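Quick notes on the structure that follows.
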Amino acid sequence: MNNILNCPHCGKLFVKRIRKCCDTCFYEEEQQYDKVYRYIRKSENRNATIVDVSEATMVSENKIIYFIHQGRIRVKGYPNFTYPCDGCQNPIKDGRLCAPCKNKLKSELSIEDFISRKQEETLPYYHTDDN
Ligand SMILES: [Zn+2]
Ligand SMILES: [Zn+2]
C-alpha cells in the first residue's frame with residue numbers, strides 16, 4: 001500500500017519512500033546545497049558572513065542554517081560565519097546551541113524540548129516562505 005503524504009515544503013502530495021519531501025523540493029534543496037557548498041569552499045570566500053553567502057547563492061539564511069544543523073555544511077575555520085543559537089539567538093559557529101545554553105540543557109529533557117521551549121519564549125519558528 002502506498003504511503004501518500006503532503007510535502008512539508010510545498011504541500012504537494014507525494015509517495016513516501018526514502019525522502020521526507022517531494023522530488024521537486026528534494027532536487028531544489030540539493031541545488032541550493034550545492035551552491036552554498038561550492039561558494040564556501042572557495043578560499044577567497046573564507047571570510048564570508050552568512051549574509052554574504054545568502055546573497056551570493058540566493059539561498060535563504062534559514063536554509064543555510066538548516067544545512068549546518070544537518071551537518072552537511074561545516075563552518076569551522078570561517079572566522080566571520082556565525083548563525084543564531086537555537087536557544088538564545090546569540091551568534092554561534094558550531095552545533096545548535098551556544099555554551100551557556102548547552103550548560104543549561106544538561107538539566108533539560110532533550111535538545112528538541114529545550115529548543116521548542118526557547119522558541120516559544122522568544123521568536124516564532126523559521127520562516128519557510130522566503131525562497
Ligand atoms: Zn515539495
Ligand atoms: Zn544560546
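A quick note: this is a predicted structure, and the numbers were derived from the prediction, not measured.
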Pair N6-L13, side chain to side chain contact (heavy atoms under 4.5 Å, CB included): steps then yes or no: CA-CA 4 Å; N6 282 103; L13 289 171; 3.6 Å; yes
Distance-only donor-acceptor check, side chains Y27 and Q31, under 3.5 Å: no
Main-chain N/O of I50 paired to S54 side chain as donor or acceptor, under 3.5 Å: no
Let me check something: any side-chain donor-acceptor pairs from residues 38-48 under 3.5 Å, sequence neighbours excluded? List them with distances.
residue	atom	partner	partner atom	Å
R38	NE	D34	OD2	2.8
R38	NH2	D34	OD2	2.9
N45	ND2	Y39	O	2.8

Interatomic distance, L97 atom CG to I92 atom CD1 [nearest 0.5 angstrom]: 6.5 Å
Which residues share a side-chain hydrogen bond (donor to acceptor under 3.5 Å, both in side chains) with D52, sequence neighbours left out: T49
Those residues that, when tested against R74, pass salt bridge (charged side-chain N to carboxylate O under 4.0 Å, His left out) (two or more places apart): none
Separation between NZ of K104 and SG of C98, rounded to the nearest 0.5 Å: 10.0 Å
Listed partners of T24 passing side-chain hydrogen bond (donor to acceptor under 3.5 Å, both in side chains), at least two apart: K12
Spacing of Q32 atom CD and T57 atom OG1 [to the nearest 0.5 Å]: 8.0 Å
Cation-pi geometry met for R72 and Y37 (6.0 Å, 45°): no
Interatomic distance, D86 atom CG to R96 atom CZ [nearest 0.5 angstrom]: 4.5 Å
Test item: N90 side-chain N/O and C85 main-chain N/O as donor-acceptor pair under 3.5 Å: no
E29/K63 under side chain to side chain contact (heavy atoms under 4.5 Å, CB included): CA gap, chis, key distance, verdict: CA-CA 9 Å; E29 193 170 288; K63 196 65 149 194; 3.1 Å; yes
Tabulate below the donor-acceptor pairs under 3.5 Å that side-chain atoms of residues 14-23 make, not counting sequence neighbours, or state none.
residue	atom	partner	partner atom	Å
R19	NH1	D23	OD1	2.6

Contacts of I68 that satisfy side chain to side chain contact (heavy atoms under 4.5 Å, CB included) - sequence neighbours left out: I64, I73, V75, F81, Y83
Interatomic distance, K35 atom NZ to M58 atom CE [nearest 0.5 angstrom]: 7.5 Å
Non-neighbouring partners of K102 that pass side-chain hydrogen bond (donor to acceptor under 3.5 Å, both in side chains), sequence neighbours left out: none
Residue list, ring pair (Phe, Tyr, Trp, His ring centres under 6.0 Å) with F26, at least two apart or on another chain: none
